[in-house]
Amino acid sequence: MSITDNIQKIKKEISEKVKLVAVSKNMPVNYIQEAYESGQIIFGENKVQDLIRKYEKLPKNIEWHMIGHLQKNKVKYIAPFIKLIHSVDSIKILKEIDKRASQNNRIIECLLQVNISKEITKFGFMENEIEEIISDIQKYKNIKVIGLMGMASFSNEKKKISEEFSILYKIYKKYKILNTLSMGMSNDYNIAIKCGSTMVRIGSTIFGKKKYD
Ligand SMILES: *Cc1c(COP(=O)(O)O)cnc(C)c1O
């Protein structure tokens, strides 16, 4: 199966309403080029350095999404071009994105990362913190929070994964201003979609295993 075939297959499986982020972390530029030529426009990366390098080499209409933990001192490098940051996990980073977006005369779209499975990452907000941030969101003039992102536990238990995604969906549904729920990866995107995901982040099912660029 080629990258193009893999993307076609996934697109057939998921509803048209669910957006596909092709997670191209650790993949060489020519793989992304192939996916792009088959019509894929949204790509996700988890390192700032890779984002910059790939942004420079690849077509300018690609929508680059940051999906990995972001350090404050690196926000300025992606602020000029990043389309969506999935991994906003602190007020500190929210403030920095707002500042750098303003310097670039941009409004940067963000998702708040919610920690639904403490096993899998230490990053992300707790449910009660989401409430506070969203009620305060007008403070950040150059940020538009459009949704939430979360990761389920690495587990073979569908029920457990499903429960975690459902918790996230319930939080998401509390806020009318949100329209994007980023949940689901190669191993669990079918479950995520059943639980109300609107955006899936898929890497290895499209590109295969790690191939360092
Ligand atoms: C790597 C990664 C993905 C994609 O994972 P696959 O299992 O390769 O589909 C999705 N989301 C995040 C945050 C990631 O780091």
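Just so it is clear, the structure is predicted and the values come from calculations on it, not from any experiment. Whatever order the structure lists them in is the order used to number ligands and atoms, beginning at 1.
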Could you tell me whether K19 atom NZ has more than 12 heavy atoms of other residues or ligands within 6.0 Å of it? no
Around N128, counting heavy atoms of other residues, nucleotides and ligands shown, do more than 12 lie under 6.0 Å from its CG? yes
Can you tell which of I108, I137, I177, I107 makes a side-chain contact (heavy atoms from CB on, under 4.5 Å) with K144?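 Testing K144 for a side-chain contact (heavy atoms from CB on, under 4.5 Å) against I108, I137, I177, I107 leaves exactly one candidate, I107.
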May I have a table of the N/O to N/O pairs between ligand 1 and the protein that fall below 3.5 Å, each row giving the two atom names and the distance to 0.1 Å?
residue	atom	partner	partner atom	Å
ligand 1	8 (O)	S204	N	2.8
ligand 1	8 (O)	S204	OG	3.1
ligand 1	9 (O)	S186	N	3.0
ligand 1	9 (O)	S186	OG	2.5
ligand 1	9 (O)	G203	N	2.8
ligand 1	11 (N)	R201	NE	2.9
ligand 1	15 (O)	K25	NZ	2.8

Hey, are E96 and K92 close enough for a salt bridge, meaning a charged N less than 4.0 Å from a carboxylate O? no
From the list R53, K54, K83, R201, salt bridge (charged side-chain N to carboxylate O under 4.0 Å, His left out) partner of E45 resolves to K54
Hey, does N142 have a side-chain heavy atom less than 4.5 Å from the side chain of R106?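 No. Closest side-chain heavy atoms not under 4.5 Å.
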